[in-house]
Amino acid sequence: MDVVIRNASLPDGRRGIDIGIAAGRIAAVGAALPVRGGREIDAAGDLVTPPFVDAHFHMDATLSYGLPRVNASGTLLEGIALWGELKPQLTQDALIERALQYCDWAVARGLLAVRSHVDVCDPRLLAVEALLEVRRRVAPYLDLQLVAFPQDGVLRSPGALEQLKRAVAMGVEVVGGIPHFERSMADGAESVRILCEFAAERGLMVDMHCDESDDPMSRHIETLALHSHRLGLHGRVAGSHLTSMHSMDNYYVSKLLPLIREAGVAAIANPLINITLQGRHDSYPKRRGMTRVPEMLAAGIDVAFGQDCVLDPWYSLGSADMLEVAHMGLHVAQMTGQEAMRACFAAVTATPARILGLEGYGLEVGCHADLVILDAGDAVEALRLRAARRLVMRRGRVLSEAAPARASLHLPGRPDGTDFRLRRA
């Protein structure tokens with residue numbers, strides 16, 4: 001073996017497990033493996049997990065906060081307007097540099113796969129060219145999947161449909177959309193039909209910003225499920241945000257969820273951003289805004305969490321930490337039971353990996369040796385602590401290492417210099 005990791009705890013609850021790695025893949029998994037490695041790593045009972053996966057991000061806008069000004073209202077619509085002001089000022093070099101810096105943050109946080117939407121409404125397709133170059137550069141250490149996203153509406157923005165098709169021809173692999181931002185509900189529904197038919201014709205996946213609104217009558221997810229089912233796109237389509245579902249009538253939702261499940265459409269919630277941007281027109285009580293995560297999981301729908309934004313026109317915070325995203329998601333959705341919290345951990349690991357179609361993801365023999373050692377004993381503790389990433393590995397190569405989070409305490413009446421970790425005994 002090239003590497004052997006000893007005494008690991010796994011997300012499925014197994015403890016005291018060794019993982020043998022050879023030629024960039026997992027070659028053996030079991031208790032007390034009778035093998036040796038060129039390097040032996042003692043996990044010391046800590047959680048070893050496949051890497052984090054972000055199913056929804058905007059890398060073309062990341063780290064641009066304050067350019068050309070700050071979003072004063074903090075609303076979604078001002079953020080879109082502000083991005084429109086910034087687009088003419090973008091340069092390819094600056095966009096690439098910001099994206100590469102974000103990818104560095106991501107790797108240090110154990111985030112090794114990102115699906116990023118990239119705006120195609122600029123006729124220059126400058127952001128598309130830039131992120132294709134970023135994808136090429138980061139390929140040795142991070143999977144970057146790109147979505148052709150018509151930010152200003154594929155029908156509303158002149159030339160957007162042809163620009164989207166050009167982006168796909170350049171190598172963008174997923175078709176995006178934003179039906180609730182078209183000029184009318186009818187145009188929104190028509191945009192879903194057009195984009196799904198284009199994706200079916202080209203054999204592509206679909207990931208649509210859908211119903212990112214507090215309007216309970218914004219129901220484009222129903223249309224997305226309809227066309228996914230009609231065109232046989234089962235398992236290749238995701239609806240992102242779906243925040244209007246938070247405000248919908250319960251009877252309508254009881255009809256909608258089985259339709260989504262039947263169509264094989266996945267849902268991607270963005271907890272940090274959904275609770276920040278939604279409910280802005282409410283006084284009190286204020287709606288949380290995030291979509292119905294527990295209900296969709298109970299209906300058998302794949303649900304992932306996304307970071308969405310970091311230091312950009314829509315969000316002034318963020319750090320590429322998917323544990324922070326899942327931590328917020330479980331609070332907003334009131335998913336504090338043990339199984340529910342483990343589902344939130346899966347929503348930033350295994351579930352988005354399935355939605356993105358990542359090959360060789362997991363901790364089984366034959367999978368890529370892509371993994372993270374967390375300073376926590378299990379998934380729930382990792383969420384509670386937003387655990388430090390002790391080690392990040394891709395294809396058997398260590399990319400990042402950090403010491404466990406510790407403090408040396410000097411307390412009256414307690415042993416001096418106690419090595420203290422926020423862990424249960």
Side-chain angles (χ1 to χ4, degrees), residues 3-19 31-32 39-52 101-102 104-112 271-272 275-276 288 305 307 310-311 315-349 363 371-393 398-425:
V3 179
V4 178
I5 298 173
R6 301 287 187 190
N7 191 23
S9 297
L10 303 186
D12 63 10
R14 285 180 289 167
R15 296 182 179 276
I17 300 300
D18 295 345
I19 302 171
R39 178 178 180 184
E40 301 227 350
I41 299 169
D42 183 9
D46 280 347
L47 180 65
V48 176
T49 177
F52 296 107
Q101 183 180 348
Y102 183 80
D104 291 347
W105 292 9
V107 169
R109 299 284 194 177
L111 170 57
L112 299 187
L272 296 169
I275 66 168
T276 302
R288 290 189 181 94
F305 291 150
Q307 173 81 65
V310 169
L311 290 170
Y315 190 57
S316 55
L317 299 168
S319 64
D321 187 351
M322 296 308 294
L323 281 176
E324 179 185 23
V325 174
H327 185 268
M328 181 61 75
L330 76 85
H331 281 84
V332 178
Q334 299 179 331
M335 295 176 64
T336 51
Q338 291 292 307
E339 285 302 317
M341 288 191 283
R342 282 190 278 272
C344 289
F345 188 84
V348 293
T349 51
L363 295 179
L371 53 85
V372 181
I373 302 179
L374 294 169
D375 187 18
D378 57 36
V380 172
E381 189 169 62
L383 288 167
R384 179 173 71 84
L385 300 176
R386 273 86 82 212
R389 285 65 166 171
R390 286 182 47 198
L391 180 142
V392 180
M393 176 182 288
V398 175
L399 299 179
S400 174
E401 293 183 83
R406 299 176 185 271
S408 186
L409 298 183
H410 308 281
L411 304 177
R414 300 282 288 162
D416 191 57
T418 302
D419 188 21
F420 178 71
R421 298 171 75 185
L422 292 171
R423 299 278 295 275
R424 297 183 69 176

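This is a predicted model, so every value here is computed, not measured. Along the sequence shown, the residues carry numbers beginning at 1.
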Would you mind telling me which of Val372, Leu371, Leu10, Leu363 makes a side chain to side chain contact (heavy atoms under 4.5 Å, CB included) with Pro50?
Leu363

Let me confirm one number: the CD-CG distance from Gln307 to Leu111, rounded to the nearest 0.5 Å.
8.5 Å

With sequence neighbours excluded, tell me which residues meet salt bridge (Lys or Arg N to Asp or Glu O under 4.0 Å) with Arg288.
none

Which residues share a salt bridge (Lys or Arg N to Asp or Glu O under 4.0 Å) with Arg389, sequence neighbours left out:
Asp321

Minimum heavy-atom separation for [X] and [Y], please, with both atom names.
X      : Y      : value
Val48  : Ala8   : CG2-CB, 3.4 Å
Ser400 : Ala108 : OG-CA, 3.9 Å
Leu374 : Ala382 : CD1-CB, 4.0 Å

pair Leu47-Pro11: side-chain heavy atoms closer than 4.5 Å
yes

For Asp18, what residues pass the side chain to side chain donor-acceptor pair (under 3.5 Å) criterion, not counting sequence neighbours?
Arg6

If the condition is side chain to side chain donor-acceptor pair (under 3.5 Å), which residues does Gln101 pass it with, not counting sequence neighbours?
none

So, using side chain to side chain contact (heavy atoms under 4.5 Å, CB included) as the criterion, who are the partners of [X] when residues are at least two apart?
X      : result
Asp42  : Asn7, Ala44
Asp46  : Ile373, Asp375, Arg390, Arg421, Arg423
Leu399 : Val107, Leu112, Tyr141, Arg394, Arg397
Arg15  : Ser9, Asp378

Residues passing the ring-ring contact (aromatic ring centres under 6.0 Å, His included) test with Tyr315, sequence neighbours excluded, are none

Determine all donor-acceptor pairs shorter than 3.5 Å in which one atom belongs to a side chain in residues 323-338; sequence neighbours excluded.
| residue | atom | partner | partner atom | Å |
| --- | --- | --- | --- | --- |
| His327 | NE2 | Arg386 | NH1 | 3.1 |
| His331 | ND1 | His327 | O | 2.7 |

Stepwise, does the side-chain contact (heavy atoms from CB on, under 4.5 Å) test hold for Leu317 with Leu272?
CA-CA 9 Å; Leu317 299 168; Leu272 296 169; over 6 Å; no

Step-by-step side-chain contact (heavy atoms from CB on, under 4.5 Å) determination, Phe305 to Phe345:
CA-CA 9 Å; Phe305 291 150; Phe345 188 84; over 6 Å; no

Could you walk me through whether Met393 and Val3 pass side-chain contact (heavy atoms from CB on, under 4.5 Å), step by step?
CA-CA 11 Å; Met393 176 182 288; Val3 179; 4.1 Å; yes

Output every pair passing salt bridge (charged side-chain N to carboxylate O under 4.0 Å, His left out) with a member in residues 335-348, not counting sequence neighbours, ordered by first then second residue.
Glu339-Arg342

